Amino acid sequence: MPQASPRGTYLQVSEALRQQIESDEAGALPSEAALMSAHGVSRNTVRRALKVLEAEGVVQSAPGIGWRVVRGGDRRSLAERMTDLIAEDSLSAGDAYPSEARLCERFGASRTAVRRVLAQMEGNGLLATVHGKGRTIRALPAPTVRP
């Protein structure tokens with residue numbers, strides 16, 4: 001990385017890792033310490049870069065092992081998959097949205113990650129929460145065009 005790197009250095013590191021993964025140079029990711037050394041950045045910067053890739057579904061944290069590359073399967077981010085669930089399950093405005101526990105099970109994600117996306121969906125006006133009743137669909141997402 002440059003000597004006086006601008007804000008967003010973690011984005012540069014995440015892009016470098018993404019390119020490394022896409023070119024199949026990285027079967028397993030190096031340790032955080034090795035990434036720090038290779039990119040000349042702090043542990044916090046490396047972790048932020050890995051979190052960006054995790055949100056995109058490129059890598060996942062394996063407790064006790066470190067970070068590993070997600071091969072095959074669904075490469076959409078958790079936010080995209082949870083939003084697309086509305087169309088996949090033919091849900092409409094006013095219908096109940098699945099519980100946190102069901103979402104964790106369905107997507108193999110942590111409760112923290114699911115809650116973060118749910119908050120984002122509520123902020124975007126897709127979901128509404130009624131205390132004691134759960135979440136309901138407030139509006140249908142705009143259709144997205146994927147290449």
Side-chain angles (χ1 to χ4, degrees), residues 1-89 91 93 97-131 134-147:
M1 290 294 117
Q3 198 73 348
S5 58
R7 291 177 77 166
T9 303
Y10 71 100
L11 294 172
Q12 294 172 7
V13 173
S14 70
E15 186 58 34
L17 287 171
R18 183 182 299 101
Q19 289 173 359
Q20 198 176 12
I21 290 166
E22 288 174 358
S23 67
D24 281 330
E25 293 175 26
L29 288 178
S31 67
E32 289 180 3
L35 290 171
M36 289 168 46
S37 178
H39 295 282
V41 295
S42 69
R43 183 174 301 272
N44 187 45
T45 301
V46 167
R47 286 185 177 164
R48 287 182 73 188
L50 290 168
K51 287 292 185 185
V52 167
L53 295 175
E54 181 181 37
E56 294 173 1
V58 177
V59 299
Q60 72 183 124
S61 175
I65 297 171
W67 293 88
R68 64 180 181 193
V69 177
V70 175
R71 295 285 180 204
D74 196 348
R75 299 285 298 256
R76 295 176 296 163
S77 70
L78 181 60
E80 288 175 313
R81 291 184 289 161
M82 286 176 58
T83 302
D84 291 348
L85 169 93
I86 296 170
E88 291 168 5
D89 290 358
L91 300 173
Y97 194 75
S99 68
E100 290 178 4
R102 287 219 173 126
L103 293 168
C104 291
E105 183 179 317
R106 181 171 182 164
F107 297 115
S110 70
R111 189 168 292 253
T112 302
V114 166
R115 284 182 177 166
R116 186 177 305 131
V117 173
L118 287 170
Q120 180 182 5
M121 291 173 74
E122 287 176 14
N124 291 338
L126 295 176
L127 300 178
T129 301
V130 177
H131 186 69
R135 290 178 179 84
T136 57
I137 298 170
R138 185 172 173 195
L140 298 177
T144 55
V145 178
R146 290 197 181 88

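All values below were derived from every heavy atom in this structure, side-chain atoms included, with hydrogens, water molecules and symmetry-related copies excluded. Along the sequence shown, the residues carry numbers beginning at 1. Just so it is clear, the structure is predicted and the values come from calculations on it, not from any experiment.
Scanning for side chain to side chain contact (heavy atoms under 4.5 Å, CB included) contacts around Ala139 gives an empty result, with sequence neighbours left out. Taking Arg102 as the reference, nothing meets the side chain to side chain donor-acceptor pair (under 3.5 Å) condition, with sequence neighbours excluded. With sequence neighbours left out, Thr129 forms a side chain to side chain donor-acceptor pair (under 3.5 Å) with Glu122. Among residues two or more places apart in sequence or in another chain, the side chain to side chain contact (heavy atoms under 4.5 Å, CB included) test is passed with Leu140 by Ile86, Ile137. The side chain to side chain contact (heavy atoms under 4.5 Å, CB included) check on Arg116 picks up Thr112, with sequence neighbours excluded.
Contact of the Gln20 side chain with the Leu29 side chain is not registered, since no non-hydrogen atoms from C-beta on lie closer than 4.5 Å. When side chains are defined from C-beta on, Gln12 does not count as touching Val41, because their heavy atoms never get closer than 4.5 Å.
Note that OG of Ser99 is 11.5 Å distant from CZ of Arg106, once rounded to the nearest 0.5 Å. Taking OG1 of Thr136 as the reference point, atom CG of Leu126 lies at 11.5 Å (rounded to 0.5 Å).
The heavy-atom pair separating Leu91 from Pro98 by the smallest distance is CD1-CD, 4.5 Å. In plain terms, the two heavy atoms of Gly125 and Arg138 that are nearest each other are O-CB, 3.6 Å.
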Quiz prompt | Stepwise side chain to side chain contact (heavy atoms under 4.5 Å, CB included) check, Gln120 with Asn124 | solution = CA-CA 6 Å; Gln120 180 182 5; Asn124 291 338; 3.9 Å; yes
Exercise. Might you work through the salt bridge (Lys or Arg N to Asp or Glu O under 4.0 Å) test for Arg135 and Glu100, ending with a clear yes or no?
Key: CA-CA 10 Å; Arg135 290 178 179 84; Glu100 290 178 4; 3.5 Å; yes
Practice problem: Check the pair Phe107 / Val114 against side chain to side chain contact (heavy atoms under 4.5 Å, CB included), numbers first and verdict last. | Solution: CA-CA 9 Å; Phe107 297 115; Val114 166; 5.6 Å; no
Exercise. Kindly determine whether Val59 and Leu17 satisfy side chain to side chain contact (heavy atoms under 4.5 Å, CB included), including the steps that lead there.
Key: CA-CA 10 Å; Val59 299; Leu17 287 171; over 6 Å; no
Practice problem: Determine, step by step, whether Leu118 and Met82 satisfy the side chain to side chain contact (heavy atoms under 4.5 Å, CB included) criterion, reporting the C-alpha distance in whole Å, the side-chain angles of both residues, the deciding distance to 0.1 Å, and the verdict. | Solution: CA-CA 8 Å; Leu118 287 170; Met82 286 176 58; 3.6 Å; yes
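Side-chain atoms of Thr83 come within 3.5 Å of backbone N or O of Ala79 as a donor-acceptor pair.
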Review item, side-chain donor-acceptor pairs of residues 45-54, under 3.5 Å, at least two apart:
residue, atom, partner, partner atom, Å
Thr45, OG1, Ser42, OG, 3.1
Arg47, NE, Glu32, OE1, 2.9
Arg47, NE, Glu32, OE2, 3.4
Arg47, NH2, Glu32, OE1, 3.3
Arg48, NH2, Tyr10, OH, 3.4
Lys51, NZ, Glu54, OE1, 3.3

